[in-house]
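Heads up: the structure comes next, in structure tokens.
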Amino acid sequence: MPELPEVETVCRGLEKLIIGKKISSIEIRYPKMIKTDLEEFQRELPSQIIESMGRRGKYLLFYLTDKVLISHLRMEGKYFYYPDQGPERKHAHVFFHFEDGGTLVYEDVRKFGTMELLVPDLLDAYFISKKLGPEPSEQDFDLQVFQAALAKSKKPIKSHLLDQTLVAGLGNIYVDEVLWRAQVHPARPSQTLTAEEATAIHDQTIAVLGQAVEKGGSTIRTYTNAFGEDGSMQDFHQVYDKTGQECVRCGTIIEKIQLGGRGTHFCPNCQRRD
DNA sequence: CAGCACACCTGGTTGC
DNA sequence: TGCAACCAGGTGTGCT
């Protein structure tokens with residue numbers, strides 16, 4: 001599922017379902033996804049209460065009684081909440097059983113997702129170690145800092161936006177949408193961007209991710225009807241998965257290329273290389 | 001240090 | 001139809 005808007009949607013959904021619940025037991029069927037000490041994870045979680053939910057970039061945060069569970073959904077991670085035991089499912093990897101009989105299940109077909117348990121004091125250091133950039137908001141995402149970083153990089157702008165260091169939260173869908181809106185070719189070396197182009201990318205990043213959060217995220221390729229997949233942002237995509245269709249701005253046919261190993265959609269007329 | 005290919009997994013789609 | 005190759009909303013590693 002997830003780029004930032006989808007993770008935010010899951011976060012808001014879980015807030016309504018599991019806040020205040022006490023974990024009675026934990027069941028881990030795919031131990032490899034627990035990246036901190038497994039014994040500790042199994043020992044510490046039971047008896048903790050879900051105090052609140054949070055999000056930083058694409059990381060989902062469960063604030064527990066005296067720990068923080070950091071969950072990253074990677075490509076296909078999903079959470080399902082059941083007021084009872086829940087059904088048996090092939091790709092269910094972690095079960096959080098609550099004292100009231102409810103169950104939160106983490107499912108992930110590709111098993112790329114990760115979970116880590118930290119003391120809250122180490123959360124800031126954790127994100128610093130990941131070199132995670134600012135949240136895509138007016139308050140946090142500073143244009144001057146962004147422009148200065150771009151000026152020092154030869155990386156294609158799309159690859160740079162995807163690496164989470166300049167700004168947190170963009171993934172392969174929204175980065176294509178942002179660059180289309182900003183009218184910048186995805187392969188442009190970062191340092192060749194003009195101040196106007198950098199400003200447009202900055203502003204459109206905030207606008208696109210903000211709009212996507214409002215729409216509840218995007219639901220693409222109708223995967224299983226996962227919790228939180230009720231988004232409608234896909235109806236507003238202008239280039240992602242629009243290969244062969246006309247650009248709504250100029251009528252030119254949208255093209256798809258490979259860039260940094262990722263499928264990349266753009267309008268060859270609106271988004272010139274130079 | 002920067003940049004890039006590749007690894008991690010499974011399943012759906014495409015093309016011969 | 002059968003099956004191999006390729007592709008998928010992400011990130012960490014290890015190499016040049």
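Model, not experiment: these values are computed from the prediction. Letters A, B, ... are given to chains in the order of the sequence lines, protein chains preceding strands, and every chain is numbered from 1.
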Check: protein-nucleotides 12-16 of chain B nitrogen or oxygen pairs below 3.5 Å:
none

Does the structure place the NZ or CZ of A/Arg272 under 6.0 Å from the centre of the six-membered ring of A/Phe266, at an angle of no more than 45° from the ring's axis? no
For this session: Please check if the distance between the ring centroids of A/Phe127 and A/Tyr59 is under 6.0 Å.
Result: yes
The remaining residues in the hydrophobic cluster of A/Leu4, counting side-chain heavy-atom contacts under 4.5 Å among Ile, Leu, Val, Met, Phe, Trp and Tyr, are A/Val213
Sorted by chain and number, sequence neighbours left out, salt bridge (charged side-chain N to carboxylate O under 4.0 Å, His left out) with A/Glu196 holds for none
So, with a heavy-atom separation below 4.0 Å from DNA chain C, the residues of residues 206-214 of chain A are none
- Task: Would you tell me whether A/His93 and A/Asp108 have side-chain atoms, one donor and one acceptor, within less than 3.5 Å of each other?
- Result: no
dist A/Thr36:OG1 -> A/Glu116:CD (nearest 0.5 Å) comes out at 6.0 Å
Test of ring centre spacing under 6.0 Å for A/Phe98 and A/Tyr82: no
Under the rule of Watson-Crick or G-U wobble with both distances under 3.5 Å, where | means paired to another strand and [ ] a crossing pair, DNA chain B maps to .|||||||.|||||||
Polar atoms only, N or O, under 3.5 Å: list the protein pairs with nucleotides 10-14 of chain C and their distances.
{"unit_1": "C/dG10", "atom_1": "OP1", "unit_2": "A/Lys58", "atom_2": "NZ", "d": "2.9"}
{"unit_1": "C/dG10", "atom_1": "OP2", "unit_2": "A/Asn172", "atom_2": "N", "d": "3.1"}
{"unit_1": "C/dG10", "atom_1": "OP2", "unit_2": "A/Arg262", "atom_2": "NH2", "d": "2.3"}
{"unit_1": "C/dG10", "atom_1": "N2", "unit_2": "A/Arg74", "atom_2": "NH1", "d": "3.1"}
{"unit_1": "C/dT11", "atom_1": "OP1", "unit_2": "A/His72", "atom_2": "NE2", "d": "2.9"}
{"unit_1": "C/dT11", "atom_1": "OP2", "unit_2": "A/Lys58", "atom_2": "NZ", "d": "2.9"}
{"unit_1": "C/dG12", "atom_1": "OP1", "unit_2": "A/Lys130", "atom_2": "NZ", "d": "3.1"}

A/Arg89 atom CZ is separated from B/dT10 atom C1', nearest whole Å, by 15 Å
Could you give the distance separating C/dA5 and B/dA7 at their P atoms, to the nearest angstrom? 16 Å
